[in-house]
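All remarks here apply to the structure that follows.
Model, not experiment: these values are computed from the prediction. Indexing begins at 1, ligand by ligand and atom by atom, following the structure's order.
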Amino acid sequence: MRILVTNDDGIEAAGLHALADALRPLGEVVIVAPDRQQSAVGHALTVSEPLRVVPFRSNGQHVGYAVNGTPADCVKLAVTSLLPWRPDVVASGINHGRNTAVNILYSGTVSAATEGTLLGIPSLAFSLDAYQPEVDFRAASLIARYLVQHLPQLGVPLGTLLNVNIPALPLEQIRGIRVTRQGASVWRDWYERRRDPWGREYFWLAGEYLLADGIPDADDVALVQGYVSITPIRYELTDFELLEPLSRAVDELLPLPRMSHTSCKADGETA
Ligand code: MN
């Protein structure tokens, strides 16, 4: 099995190397990851700057490449142009912090896996529900390897990625694995108005996460209860239920506006 490992916390992040180390027994692993912290960049691509690729070594071994781009850049570049082989799996993470509910939209970790699915490669995103600076990735790494190893048996269609969130607990305290839906938790955000040492004003994003527990099979709920949460995610964003009623409403209420006769004349045309 050939595995591309990436993340959004940057190529130095402990979670990335925990994941790469965990997956190495399964086959050939190469890391292609952002050269710096890229959390919450979503699916951004670099289109007006050159992308630079630098070989990256860990413990004296060449393990991959650092890219001055986003997580989606890394996967697209690796698969289309950089690697001598096509990966069988894209594994993104292990992110430092959960990626549930609305966070899925902002997450660079999930977007790297989304890019993998866009390129037709089975992909997973892994996130650990921990926020303190020193984090133990051991249990999460074991679970990541277990899921990557058994992914072919799960029957996940191309175009769907698995968004995996893991509670920050020792393995023996994790209660099991639940398949979940994207939850409804949201951020109540604001920007703190601050001053830099020169007295100039700046804004810094702050907020609190409002945990929604009304949907029993939601990602956040499983995580809080001590379960690994696996949410199948597609990049297809169409609201299928609205297609028919919206189409009817548009047909009835919104005939296409036509340019008036007078405005045609204003262009100097003769009718
Ligand atoms: Mn991150």
Side-chain angles (χ1 to χ4, degrees), residues 3-23 29 31-46 51 56 58 63-78 89-117 123-141 143-144 147-148 161-169 182-183 185-187 189 204-209 211 219-220 223 228-231 233 235:
I3 306 166
L4 170 62
V5 173
T6 190
N7 76 343
D8 76 355
D9 294 334
I11 199 155
E12 306 276 357
L16 174 81
H17 295 283
L19 179 60
D21 291 346
L23 297 182
V29 170
I31 295 169
V32 181
D35 64 2
R36 69 202 75 179
Q37 170 60 249
Q38 292 280 346
S39 290
V41 301
H43 208 105
L45 289 178
T46 301
L51 285 178
F56 186 83
S58 174
V63 294
Y65 303 91
V67 179
N68 64 334
T70 66
D73 284 332
C74 290
V75 174
K76 195 186 279 291
L77 178 70
V89 176
V90 174
S92 178
I94 300 169
N95 189 61
H96 194 165
R98 72 168 75 173
N99 276 310
T100 48
V102 70
N103 300 306
I104 291 170
L105 284 178
Y106 301 115
S107 167
T109 306
V110 175
S111 292
T114 305
E115 186 63 34
T117 63
S123 302
L124 308 95
F126 296 103
S127 304
L128 179 64
D129 185 28
Y131 294 90
Q132 65 276 24
E134 295 299 321
V135 175
D136 184 348
F137 286 99
R138 280 176 298 179
S141 303
I143 287 163
L147 293 176
V148 170
L161 70 97
L162 296 186
N163 182 39
V164 182
N165 282 277
I166 301 158
L169 295 169
Q182 181 178 10
S185 304
V186 290
W187 286 92
D189 293 322
W204 192 272
L205 180 60
E208 58 177 335
Y209 194 53
L211 196 75
D219 45 18
D220 279 315
L223 207 51
V228 174
S229 161
I230 303 181
T231 312
I233 305 245
Y235 51 79

* Considering just N/O/S atoms, say which atom of Asp9 is closest to the Mn ion (ligand 1). =>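 The Mn ion (ligand 1) is closest to the Asp9 atom OD1, counting only N, O or S.
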
* To do: Would you mind naming the N, O or S atom of Asp8 nearest to the Mn ion (ligand 1)?
  =>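 Of all N, O or S atoms belonging to Asp8, OD1 is the one nearest the Mn ion (ligand 1).
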
* Asked: Going by atom types only, do Asp220 and Ser185 share a side-chain donor-acceptor pair under 3.5 Å?
  ->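 Indeed, the side chains of Asp220 and Ser185 share at least one donor-acceptor pair under 3.5 Å.
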
* Structure fact -> Interatomic distance, CG@Asp129 vs CD1@Ile166, rounded to 0.5 Å, equals 10.5 Å

* Structure fact -> Rounded to the nearest 0.5 angstrom, the CD1-CD distance for Ile233 and Gln182 is 5.5 Å

* Asked: Quick check: does Asn7 put an N/O/S atom under 2.8 Å from the Mn ion (ligand 1)?
  -> no

* **the Mn ion (ligand 1) to nearest N/O/S of Thr109 below 2.8 Å** =>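 Thr109 does not place any N, O or S atom closer than 2.8 Å to the Mn ion (ligand 1).
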
* With under 30° as parallel and over 60° as perpendicular, where do the rings of Tyr209 and Trp187 fit, or are they tilted in between? ->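 Tilted, since the angle between the ring planes falls between 30° and 60°.
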
